[in-house]
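Heads up, the thing below is written out as C-alpha cells.
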Amino acid sequence: MRSSLLFLLVAPALASCASLAQASPRPPRQDPSPSPDEFAVLGRQLSFGTGLRTFEDDAFGGLEDQLVLTLDYCEPMELGPVRLEGGMHYAYDEAHDTSGGQDVRLKSRSFELSVGLNLSHEFGRLRPYAGLGAAIQFLELRGIDETDVVFDDDEVAIGGYAKAGVLFRVSRASHLGIEIRHFEGSDVTLDGTDLDTSYDEVLFVLGSSFE
C-alpha cells in the first residue's frame, strides 16, 4: 500500500522533469576552429625583412653579395586585392682589394626608395603576393688604406623592380614569410668603373597587418 502511494506521489514529478528536459534543447556545440574569413584581412601591412642581395655585375668583385635590411608598407586603395606599396632598402658590405701595392678596405652601401603596386590573395593562413614598381637607388663606394681614404664616390641609379613571395599568418595581426625581388637598374660609374646596378634579393620577412 505504501509503495503504491509513494509511486503515485513520485510519478507526476518524474513526468514533469522529463517534459522540461524535452522542452529545453541542448545548446549547439561551438566549433573551436577559426572561420575561413578570420585571416582574410587585406588592410594596412607593415613588413620588416633581412636577407642577401647579389649584384649581377661581376665588376662589383668582393662586394657583389651584400647584407640587406628592408621596410615595406602596403595601403589599401579600394581595389580589392591590389594595394599601394612603398619601401626602403638598405644594403652594406665590406671587402679587401689592392691599390698601388697597398691593401685597401672597400666599403659599399646603398639606400633605396621604391613605390609600386602589390597584388595578394588569402588561402587560409597563406597569402601569396606579387609586386611591381619603380625605385631610385643611392650608392656609395669608399676605399680606405692603412692611413687615409683612397677614394670616396657616390652615384644614383633609377630602375624598376618586380617581386614575389608568400606570407604565413601566425595570427590575425602578425605574419612571416619569404620573398624574392629583382631590381633592374641603370648603369653608374664608381671610382672610374662602369657598373650595372641590377641585382636579386632573397629576403626573410616578418611584420603586422592592421585595419
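Bear in mind that the values here come from a model prediction, so they are computed numbers and not experimental data. The figures here come from the full heavy-atom set of this structure, side chains too, leaving out hydrogens, waters and symmetry mates.
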Determine yes or no for a side-chain-to-main-chain donor-acceptor pair under 3.5 angstrom, with [X] supplying the side chain and [Y] the backbone.
X: Asp153; Y: Asp191; value: yes
X: Ser208; Y: Ala173; value: yes
X: Arg125; Y: Val170; value: yes

Taking C-beta and beyond as the side chain, do [X] and [Y] meet within less than 4.5 Å on heavy atoms?
X: Asp187; Y: Leu195; result: no
X: His175; Y: Ser209; result: yes
X: Arg181; Y: Ser114; result: yes

Do you see a donor-acceptor pair shorter than 3.5 Å between the side chains of Asp72 and Ser47? no
Using a distance-only test with no angle check, is there a side-chain donor-acceptor pair under 3.5 angstrom linking Arg83 and Ser120? yes
Heavy-atom closest pair, residues [X] and [Y]:
X: Ala59; Y: Thr193; result: CB-CG2, 4.3 Å
X: Phe204; Y: Gly177; result: CD1-O, 3.4 Å
X: Leu84; Y: Gly116; result: CD1-O, 3.4 Å
X: Asp196; Y: Gly185; result: OD1-O, 3.5 Å
X: Glu64; Y: Asp57; result: OE1-O, 4.2 Å
X: Ala135; Y: Tyr161; result: CB-CD2, 4.4 Å

Decide side-chain contact (heavy atoms from CB on, under 4.5 Å) for Ser108 and Gln66; before the verdict, give the C-alpha distance in whole Å, the side-chain angles of both, and the deciding distance to 0.1 Å. CA-CA 9 Å; Ser108 172; Gln66 302 190 2; 3.1 Å; yes
Heavy-atom count check: over 12 atoms from other residues, nucleotides or ligands less than 6.0 Å from Leu126 CG? yes
Ile158 CD1: over 12 foreign heavy atoms closer than 6.0 Å: no
Following the transitive rule for hydrophobic clusters with a side-chain heavy-atom cut-off under 4.5 Å over Ile, Leu, Val, Met, Phe, Trp and Tyr, establish whether [X] and [Y] coincide in one cluster.
X: Leu117; Y: Ile180; answer: no
X: Ile136; Y: Phe111; answer: yes
X: Leu132; Y: Leu79; answer: no
X: Leu71; Y: Phe138; answer: yes

Exercise answer: donor-acceptor pairs, residues 86-93 side-chain atoms, under 3.5 Å, sequence neighbours excluded:
unit_1, atom_1, unit_2, atom_2, d
His89, ND1, Glu201, OE1, 3.3
Tyr92, OH, Glu94, OE2, 2.3

According to salt bridge (Lys or Arg N to Asp or Glu O under 4.0 Å), who are the partners of [X], at least two apart in sequence or on a separate chain?
X: Glu140; answer: Arg109
X: Glu85; answer: Lys163
X: Asp152; answer: Arg142
X: Glu56; answer: none

Walk me through it: do Asp200 and Thr54 pass the test side-chain hydrogen bond (donor to acceptor under 3.5 Å, both in side chains)? CA-CA 5 Å; Asp200 294 309; Thr54 301; over 6 Å; no
Under the side-chain hydrogen bond (donor to acceptor under 3.5 Å, both in side chains) test, residues paired with [X] that sit two or more places apart:
X: Asp194; value: Thr189
X: Ser174; value: Ser171
X: Thr50; value: none

Using a side-chain heavy atom cutoff under 4.5 Å and only I, L, V, M, F, W and Y, what cluster partners does Leu203 have? Val68, Tyr129, Leu167, Val205
Please enumerate all residues that pass ring-ring contact (aromatic ring centres under 6.0 Å, His included) together with Phe55, with sequence neighbours excluded. Phe60, Tyr199
Sequence neighbours excluded, which residues qualify as side-chain contact (heavy atoms from CB on, under 4.5 Å) partners of Leu119? Pro81, Val82
List for me each residue that meets side-chain contact (heavy atoms from CB on, under 4.5 Å) alongside Ser186, sequence neighbours excluded, and say none if there are none. Ala157
Stepwise side-chain contact (heavy atoms from CB on, under 4.5 Å) check, Leu139 with Val156: CA-CA 6 Å; Leu139 299 102; Val156 177; over 6 Å; no
List the steps and the verdict of side-chain contact (heavy atoms from CB on, under 4.5 Å) for Thr197 and Phe183. CA-CA 8 Å; Thr197 59; Phe183 173 76; 3.8 Å; yes
Should Glu122 and Arg172 count as an ion pair when the cut-off is N to O under 4.0 Å? no
Test side-chain contact (heavy atoms from CB on, under 4.5 Å) on Asp154 and Leu141; report intermediate values, then the result. CA-CA 6 Å; Asp154 57 83; Leu141 182 65; over 6 Å; no
Quick one: do His182 and Ser198 satisfy side-chain hydrogen bond (donor to acceptor under 3.5 Å, both in side chains)? Show the steps, please. CA-CA 8 Å; His182 174 77; Ser198 301; 5.1 Å; no
